[in-house]
Protein chains: 2
Amino acid sequence: MEGLPIYLQNYRCLLTVTIYDIAREAKVGIGTVSRVFNNHPNVKPKTREKILSVAKRLNYHPHAYAQGLARRRTNTIAAIIPFFTNYFFVEILQGIQDKITNLGYDLILYGINHPREIDEYLRKSDQRGRVDGILFFSSKLPESFVERSHVDSKPLILVDAFHERFDSLHVDNFKGAIAATNHLIQLGHTNIGMINANLNNTPARERKDGFADALKAGGIELRPQNIVETNVIKNDGYTREAGYSSMKQLLNLGTDRPTAVFIASDVQAIGALSALRQAGLRAPEDVAIVAYDDIELAAHFGLTTMRQPMYRMGELAVEKLFQRMENPAMPPSHVHFVPTLIVRGSCGMNKNYSLAEEFLQTSD
Amino acid sequence: MEGLPIYLQNYRCLLTVTIYDIAREAKVGIGTVSRVFNNHPNVKPKTREKILSVAKRLNYHPHAYAQGLARRRTNTIAAIIPFFTNYFFVEILQGIQDKITNLGYDLILYGINHPREIDEYLRKSDQRGRVDGILFFSSKLPESFVERSHVDSKPLILVDAFHERFDSLHVDNFKGAIAATNHLIQLGHTNIGMINANLNNTPARERKDGFADALKAGGIELRPQNIVETNVIKNDGYTREAGYSSMKQLLNLGTDRPTAVFIASDVQAIGALSALRQAGLRAPEDVAIVAYDDIELAAHFGLTTMRQPMYRMGELAVEKLFQRMENPAMPPSHVHFVPTLIVRGSCGMNKNYSLAEEFLQTSD
DNA sequence: TAAATTTATGGAAGGCCTTCCAATCTATCT
DNA sequence: AGATAGATTGGAAGGCCTTCCATAAATTTA
């Protein structure tokens, strides 16, 4: 406290040291102080030193909002993400954060717990001077937003979502579903089912289309009773519970039940596995399974599944956002990731799949 | 675009409508415009209407940073959270976000992927005008930070961490571990082991202490070889891999191996379960298990475990932060949560535990 | 109707920074 | 030494809002 000039000693709470205080104490102009803190080259080393020492003594730190206002840049971006996407979301977030930290940016997180919040968060993010750009995840961009947006709107990148007018980074659910289904076809199955999530969910619809297409291309009959959809609202049906009851439903088909099932997510697959076990059946012997996502636990269950490059997607989303911020006039670009098939035990191809091996590979 | 006054029509990108534009167009003073947007009561309804209509026509939205600068309040808080806490962290985050959204606040998320980032994020959060308060999770507050903090520092709440000089919200790992261990003792076990995480981790140390204490109080010998610690760095050892190899190590004790094990986290327990299965052993018949956390998947594995009220902790953390912001002089308060024991199948007490039942209860 | 309140309004000042231009200094060159 | 170019510096203006005070308008009261 001793270093503080008299006129500040009585301040509590609003003890706020400004650039003017530094300038006065160091007997320089405010411009020079500013220059020092912005690493402007044209400052005499002596002057710089003196300013820094005064700043340190008074514990000065530039005011973020004042900087933002003056620079017309917040150095912050917003991410609007459904919380329920859980694993997906944590990994993407890591990718985002790592990238962004290097660039000196901050992240405002808007987690969607209820659809009504989407509009609210979009509005906030789009407010002047709140953030420099927006990442929007896994939901449908509301039409109201699209309409009021125009050429000069804030940069926005869609991730795991699509709209022609905005940059997007999209996992090709259609192709992913085709690959998954083809894998089952190639293993010789002809009675193939699908356990899907709630059709309100765009990826769910796309995965269904891919499934249907693959069957058709493979000349395999699509039995309507083999496709189980869910009306579960929670997490759009991407839950263990939903997977569990969906599998039960398939098992109710009796001897007519599919010998192989494509499941829209690993989480559901885990639930489906329980249902199988409870019925005294096993995967892949009784029912072969290919799932989707490759969450961390997929390995534990030996799930053959479609892997989405989540961390990388987070990174790339940030990269694209910065490109867009630098060059707002660019036409929208759309990147498609095609998920890759990870073969483990649940499809029946890899007879010797062993969890222990994966442990050996991944342990440090 | 038609509604725009001439002098704005050519602006691109910086098309930025200010309070002055509104005032001019509506033929009022800027003060009145400001009052309208702040819902100040003393504005004639006619005037208010006119201003709102002009604002709408010009698509005016107040500038967040300018407001922040003038109000000396950012309406934003920072959360510094280790990303690896995963499940824990997502649930807490939901609690935070729900609470905060109601209060009109935003959240800046600083996810720690590497210890070195802690200091950096703390420094940023603590910068003038960046956020109004800080939530700090599950890590040790660096001494350097404690030292430079003083009475007038920014409000900060520790969650799942402790320091006498700051408000904290702490899960009592010691008591939790005692409860878990006692449960195994009451089930009649006398040869009890523990699988712990990396001792660098504070909760891990506390859980170990609780375990040792409970044994002592129960008059049960603590065999050093029964306690397995890990030197895994990743996630401080809270990983399936670590749990897997720890259990292997216990099994290597042969016939002397413990008949019951307290495991420091559900994630590790899942790994341990694999090790058991691979060795042809079962829980609880061969080894009874009580774990810690009650992540969503714990039910799936029928894990008996210590539940931490994560969502509620998120909410409460925000509440405490706001109390602190309102009353900075308050002496620090410390809330202890005691985790509750959730009995499922893995401890051997609940012979009829069935996953299906939980599904029935929780499904919507 | 005049005086006294109450309500509504305008706009300067203040919040804290960056940026730019003009002014000053220093070093280099002739 | 004087001229010139380059380095360094000061500080006004601008970024956009809130708040407060003085003033003006409307309403109530006597």
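All values below come from the heavy atoms of this structure, side chains included, with hydrogens, waters and symmetry mates left out. Every chain is numbered from 1, with letters handed out A, B, ... down the list of sequences.
The nearest whole Å value for the distance from the CG atom in N39(B) to the C1' atom in dT18(D) is 14 Å. Taking atom CZ of residue R73(A) and atom C1' of nucleotide dT18(C), one finds them 11 Å apart after rounding to whole Å. In this structure, H61(A) places its NE2 atom 15 Å from P of dC16(C), rounding to the nearest Å. Atom P of nucleotide dT9(C) and atom CD1 of I22(B) are separated by 16 Å, given to the nearest angstrom. If you measure from atom CZ of F37(A) to atom P of dT19(C), you get 15 Å, rounded to the nearest angstrom. When the P atom of dT9(C) is taken as reference, atom CG of N38(B) falls 15 Å away, rounded to whole Å.
Contacts of E319(B) classified as salt bridge (charged side-chain N to carboxylate O under 4.0 Å, His left out), with partners at least two apart in sequence or in another chain: K99(B), R312(B). P332(B) pairs by the side chain to side chain contact (heavy atoms under 4.5 Å, CB included) definition with D167(B), H334(B), not counting sequence neighbours. Residues forming a side chain to side chain contact (heavy atoms under 4.5 Å, CB included) with E326(A) (at least two apart in sequence, or on another chain): none. Annotation: side chain to side chain contact (heavy atoms under 4.5 Å, CB included) contacts of R165(A) (sequence neighbours excluded): V146(A), S149(A), H163(A). S139(A) meets the side chain to side chain contact (heavy atoms under 4.5 Å, CB included) test with P82(A), I112(A), I118(A), F136(A); sequence neighbours excluded. Residues passing the side chain to side chain donor-acceptor pair (under 3.5 Å) test with Y60(B): none are found, sequence neighbours excluded.
Among pairs with a residue in residues 103-125 of chain B, those fulfilling ring pair (Phe, Tyr, Trp, His ring centres under 6.0 Å) read Y105(B)-F322(B), Y110(B)-Y121(B), at least two apart in sequence or across chains. For the salt bridge (charged side-chain N to carboxylate O under 4.0 Å, His left out) condition, no pair includes a residue of residues 27-36 of chain B, sequence neighbours left out. Applying the salt bridge (charged side-chain N to carboxylate O under 4.0 Å, His left out) test to pairs two or more places apart or on separate chains, those with a residue in residues 101-125 of chain B are D106(A)-K124(B), K124(A)-D106(B), R130(A)-D106(B).
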I'd like a list of close polar pairs between nucleotides 11-15 of chain D and the protein, N/O only, cut-off under 3.5 Å.
from    : atom 1 : to     : atom 2 : distance (Å)
dG11(D) : N7     : G31(A) : N      : 3.3
dG11(D) : O6     : R35(A) : NH2    : 3.0

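At least one side-chain nitrogen or oxygen of S34(B) sits closer than 4.0 Å to the OP1 or OP2 atom of dT18(D).
Here the side chains of V33(A) and Y20(A) are not in contact, with every heavy-atom distance at 4.5 Å or above.
Across the helix from dT1(C)-dA30(D) to dT30(C)-dA1(D), the helix axis at one end is tilted relative to the axis at the other end by 40° (nearest 10 degrees, each axis from five pairs).
In the region residues 40-50 of chain A, proximity to DNA chain D at under 4.0 angstrom, judged on heavy atoms, holds for N42(A), V43(A), K44(A), T47(A).
Of all heavy-atom pairs between L107(A) and Q97(A), the closest is CD2-OE1, 4.3 Å.
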